[in-house]
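Written out below as structure tokens is the structure these notes cover.
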Amino acid sequence: MAIDMRRKGEPATPGRGRRSCRMAQERLFTGIAKGAARQAGRPWAFMLALGIVVVWGITGPVFGYSDTWQLVINTGTTIVTFLMVFLIQNAQNRDTEALHIKLDELIRATHRARNSFMSLEDLSENELAQIRRQLEQMQEGCKPGEVQPAG
């Protein structure tokens with residue numbers, strides 16, 4: 001049975017509930033990912049991980065260095081690594097997108113900048129290398145510290 005999430009008197013809109021649910025899930029994931037990524041980079045997180053490894057190592061003789069003892073650390077590190085890949089990628093994607101937006105705004109606001117540079121991230125590696133070579137050639141005739149004006 002579906003629950004009607006509309007406000008009183010609001011007309012039914014196909015797909016609206018799914019879209020708002022998806023947005024809520026994205027906001028929730030982003031909040032959790034940001035918090036987890038921020039905390040994972042703190043000194044206490046490293047010390048906790050180091051402490052776990054030290055305790056695991058110390059308990060080796062107690063458990064006779066058994067297969068189960070080894071499996072515990074292997075499974076734990078595999079799970080943490082698997083989850084951290086997604087958190088790191090999410091943080092990297094957000095940071096990169098924010099950086100592009102800021103750079104695009106600087107390019108737009110600078111009169112002599114080339115607006116065509118605003119979408120360089122969409123070019124292939126070869127196209128980027130070609131632009132880099134062109135810029136280096138433009139800069140070759142300048143004195144140290146002097147900037148070649150955009151043309």
Side-chain angles (χ1 to χ4, degrees), residues 1-8 10 13-110 113-136 138-139 142 144-148 150:
M1 180 173 143
I3 299 173
D4 189 357
M5 299 295 288
R6 292 179 287 150
R7 293 187 182 120
K8 189 174 184 177
E10 185 178 10
T13 306
R16 181 182 180 275
R18 285 185 293 244
R19 189 171 36 250
S20 64
C21 182
R22 190 173 348 138
M23 290 175 62
Q25 289 174 344
E26 287 177 10
R27 280 194 301 274
L28 177 65
F29 175 75
T30 299
I32 291 170
K34 285 170 73 171
R38 188 174 21 260
Q39 294 304 318
R42 301 268 165 96
W44 71 263
F46 173 78
M47 295 306 291
L48 176 65
L50 181 63
I52 289 170
V53 171
V54 167
V55 168
W56 173 79
I58 291 171
T59 61
V62 174
F63 293 102
Y65 300 102
S66 68
D67 289 343
T68 303
W69 173 78
Q70 292 178 30
L71 187 61
V72 167
I73 198 71
N74 290 340
T75 303
T77 56
T78 299
I79 291 169
V80 170
T81 302
F82 178 75
L83 295 175
M84 288 305 294
V85 164
F86 294 101
L87 292 177
I88 292 167
Q89 187 62 54
N90 178 268
Q92 183 68 39
N93 289 348
R94 277 185 287 103
D95 289 348
T96 300
E97 187 66 26
L99 185 61
H100 282 284
I101 292 168
K102 292 173 184 179
L103 289 172
D104 288 351
E105 179 58 21
L106 288 173
I107 290 169
R108 255 192 303 277
T110 305
R114 298 178 207 174
N115 288 344
S116 61
F117 279 20
M118 289 174 40
S119 59
L120 289 179
E121 66 273 9
D122 297 329
L123 299 178
S124 70
E125 288 184 38
N126 289 336
E127 291 169 322
L128 289 172
Q130 182 180 8
I131 291 171
R132 162 118 10 240
R133 284 191 298 274
Q134 289 172 357
L135 291 173
E136 288 171 351
M138 288 172 56
Q139 193 63 30
C142 294
E146 181 182 17
V147 177
Q148 176 75 28

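Numbers for residues simply follow the sequence, beginning at 1. What you are looking at is a predicted structure, and each value in this text was computed from that prediction instead of being measured.
- Between Cys21 and the choices Gln25, Arg19, Arg18, the side-chain contact (heavy atoms from CB on, under 4.5 Å) rule is met once, by Gln25.
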Could you list the donor-acceptor pairs under 3.5 angstrom formed by side chains in residues 42-60, with sequence neighbours left out?
residue	atom	partner	partner atom	Å
Trp44	NE1	Gln39	OE1	3.2
Trp56	NE1	Trp69	O	2.8
Thr59	OG1	Val55	O	3.2
Thr59	OG1	Trp56	O	2.8
Thr59	OG1	Trp69	NE1	3.2

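- Take Thr110 and apply the side-chain contact (heavy atoms from CB on, under 4.5 Å) test, not counting sequence neighbours, and it matches Ala113.
- Applying the side-chain contact (heavy atoms from CB on, under 4.5 Å) rule to Leu71 yields the partners Thr75; only residues at least two apart in sequence or on another chain are considered.
- Residues meeting the salt bridge (charged side-chain N to carboxylate O under 4.0 Å, His left out) test with Arg38, sequence neighbours left out: none.
- Taken to the nearest 0.5 Å, the CG atom of Asn74 stands 11.5 Å off from the OG1 atom of Thr68.
- Nearest heavy-atom pair across Arg114 and Ile107 is O-CG2, 3.4 Å.
- Within the structure, side chain to side chain donor-acceptor pair (under 3.5 Å) pairs that include any residue of residues 82-97 comprise Gln89-Asn93, Asn90-Arg94, Gln92-Thr96 (at least two apart or interchain).
- Applying the side-chain contact (heavy atoms from CB on, under 4.5 Å) rule to Arg27 yields the partners Met23, Ala24; only residues at least two apart in sequence or on another chain are considered.
- Residue pairs satisfying the salt bridge (charged side-chain N to carboxylate O under 4.0 Å, His left out) criterion with at least one member in residues 100-110, sequence neighbours excluded, are listed as follows: Glu105-Arg108.
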Return a table of donor-acceptor pairs under 3.5 angstrom between the side chains of residues 116-124 and protein atoms on other chains or two or more places apart.
residue	atom	partner	partner atom	Å
Glu121	OE1	His100	ND1	3.1
Ser124	OG	Glu127	N	3.2
Ser124	OG	Glu127	OE1	3.3

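- Remark: Phe86 pairs with Phe82 by the ring pair (Phe, Tyr, Trp, His ring centres under 6.0 Å) rule, at least two apart or across chains.
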